[in-house]
Number of protein chains: 2
Amino acid sequence: MSMPFYSKHSKHYVAVDCIIFGFDQEKINILLHKRKFEPYSGGWSLFGGFLEENENLNNAAGRILHTLTGFSGVYLEQLFTYGDVERDKERVLSVAYFALINTERYSSVEGGDFDAVWIPLEELPDLVLDHKIMVNKALRRLRRKAASEPIGFELLPEKFTLPRLQKLYEAIYGEGFDKRNFRKKILSMGLLKKLDEKDKSGSKKGAFLFRFDKKKYDELLSEGLGFEL
Amino acid sequence: MSMPFYSKHSKHYVAVDCIIFGFDQEKINILLHKRKFEPYSGGWSLFGGFLEENENLNNAAGRILHTLTGFSGVYLEQLFTYGDVERDKERVLSVAYFALINTERYSSVEGGDFDAVWIPLEELPDLVLDHKIMVNKALRRLRRKAASEPIGFELLPEKFTLPRLQKLYEAIYGEGFDKRNFRKKILSMGLLKKLDEKDKSGSKKGAFLFRFDKKKYDELLSEGLGFEL
DNA sequence: TCAAAAGTGTTAGTGTTACACCCATGA
DNA sequence: TCATGGGTGTAACACTAACACTTTTGA
């Protein structure tokens with residue numbers, strides 16, 4: 001089945017690179033590894049791979065994430081496509097994706113690249129190619145979206161306490177928030193279901209666990225409302 | 001100069017498609033044309049072309065825009081990359097860009113595709129491939145950005161009246177705004193320089209012309225402030 | 001002189017910010 | 001019993017939204 005339509009045009013390598021964010025109850029981390037192939041072998045790198053012949057772009061991102069880290073079913077969103085001729089030794093386009101990982105569910109990286117390490121955002125080393133630019137863009141996107149869509153919950157286990165949620169938002173935005181105002185706002189949306197359980201890992205008293213109510217969120221969406229922090 | 005690094009991977013056609021928005025003092029329009037090559041010849045289409053061997057992605061978008069429409073130096077921003085295998089007859093990735101055109105400067109499309117037509121957003125016909133999806137995404141992006149960055153001015157001539165500016169925002173958001181509140185908010189940012197000239201084309205009385213003050217905007221940006229409508 | 005668009009302030013309501021103390025518990 | 005983090009309300013302030021009349025001028 002030859003398709004003659006576009007054959008006069010040139011073809012290009014297309015890579016997919018993933019910016020993987022995780023939250024460890026304290027700070028935002030990024031999953032990196034030391035690149036094992038040329039060029040730039042040995043440099044700190046995002047997880048990436050090449051788009052295959054008959055593979056959807058989103059699927060490629062999922063596949064790369066899965067084979068290199070063992071993660072599956074996680075939040076994955078296309079970020080931007082980097083297409084400068086000089087960005088690599090050979091001409092390669094890179095479609096960047098960012099992923100949000102619940103690190104409780106995936107506390108260890110299994111079946112993937114065992115050199116993968118979580119590195120705190122503030123201690124980011126130099127990265128290979130234009131990967132640092134990608135990380136910065138991903139972070140800006142995360143900050144924007146976390147305020148207008150409930151994607152922050154992707155970084156937490158299903159049940160979480162309000163102090164943890166607040167820590168998460170503080171880590172994302174790099175600033176502290178007032179406890180009472182934060183609770184007021186987040187609870188006033190009516191999207192968190194308070195459970196009867198407490199998590200006592202953080203204090204003697206223990207903090208109540210909550211769960212994000214996706215059903216109610218979908219209802220609100222269809223009424224034209226939504227999540228707004 | 002052969003570069004052996006990535007040669008085991010497959011290569012792909014990469015297209016660039018441009019969603020071109022214009023404003024005619026009344027409503028938002030999109031520049032379309034009837035596609036002149038197979039497949040889907042004759043269907044309404046965005047302006048697109050293929051990425052060449054040694055061409056940066058952004059340059060390709062600029063080149064395509066320029067050769068097909070004659071526009072140059074206009075606002076152009078990468079939107080999203082569409083990479084499903086089935087999106088075209090042959091496997092082609094498409095990187096969508098959106099452009100904002102001051103239609104006063106480019107009142108007629110010169111030296112380009114003479115079948116290009118401005119079509120009002122509300123009367124959008126069926127488009128070829130996934131182009132309608134692209135248009136919708138571009139519109140969402142335009143709406144989001146127009147409220148947080150001064151990109152709306154790209155759709156107006158350098159000098160414009162406040163009533164026109166308001167019409168523009170009303171067209172972007174598809175709703176009417178209160179005249180006094182709109183003026184108050186936009187003028188309170190201090191980013192518009194009032195000129196001594198009036199534009200009498202819209203009324204007997206005439207409305208004062210303003211100019212966007214880019215210098216002051218850059219100052220504000222560096223102070224951490226910005227444009228917020 | 002009148003039709004048509006430009007221009008101008010105030011008020012009520014809503015949301016945001018700032019702020020300090022008591023509670024429950026395990027060590 | 002005390003140190004630690006969890007939980008709670010209110011008041012000043014800033015911002016938003018609603019609203020109606022006067023001005024200018026060309027036809």
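This structure is a prediction, so every number in the text was calculated from the model and none was measured. Within every chain, numbering begins at 1; the chains are lettered A, B, ... in the order of the sequence lines, protein sequences first and strands thereafter. Quick note: numbers below take in every heavy atom, side chains included, and nothing from hydrogens, waters or symmetry partners.
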Letter by letter from the 5' end, nucleotides 14-23 of chain D scores (B base, S sugar-phosphate only, - none; protein heavy atoms under 4.0 Å) ---BBBB--B
What residues 194-204 of chain A contributes to the DNA chain C interface at heavy-atom separation below 4.0 Å is A/K200, A/K204
Here the distance between atom P of C/dG15 and atom CE of A/M189, to the nearest Å, is 13 Å
Using a strict 4.0 Å threshold on nitrogen-to-oxygen distance, state whether A/E77 and A/R141 make a salt bridge.
yes
- Query: Do B/D115 and B/K34 meet the salt-bridge criterion of a basic N to acidic O distance under 4.0 Å?
  - Reply: no
Whole-Å distance, A/L165 CG to D/dG7 P, equals 12 Å
To the nearest angstrom, the CZ-P distance between B/R164 and C/dA5 comes to 12 Å
Checklist entry - Would you say B/K198 has more than 12 foreign heavy atoms packed within less than 6.0 Å of its NZ? => result yes
B/Q25 atom CD is separated from C/dA5 atom P, nearest whole Å, by 15 Å
Sorted by chain and residue number, the salt bridge (Lys or Arg N to Asp or Glu O under 4.0 Å) partners of A/D196 (sequence neighbours excluded) come out as none
note: B/F208, atom CZ; C/dA5, atom P; distance rounded to Å ~ 19 Å
Sorted by chain and number, sequence neighbours left out, ring-ring contact (aromatic ring centres under 6.0 Å, His included) with A/Y97 holds for none
Worksheet item: How about A/F160 and A/F153: are their ring centres within less than 6.0 Å of each other?
Response: yes
Between CG of A/L209 and P of D/dG6 the distance, given in whole Å, is 12 Å
In whole angstroms, the gap separating P of D/dG7 from NZ of A/K167 amounts to 13 Å
When rounded to whole Å, the CG to C1' distance for the pair B/L187 and C/dG9 reads 14 Å
Hits for side chain to side chain contact (heavy atoms under 4.5 Å, CB included) against A/K159, two or more places apart or cross-chain, chain-then-number order -> A/L195, A/E197, A/L209, A/R211
Review point. Got a donor-acceptor contact below 3.5 angstrom from the A/S94 side chain to the A/V16 backbone?
Key: no
The side chain to side chain contact (heavy atoms under 4.5 Å, CB included) partners of B/P120 (sequence neighbours excluded) come to B/K27, B/N29, B/E122, B/E123
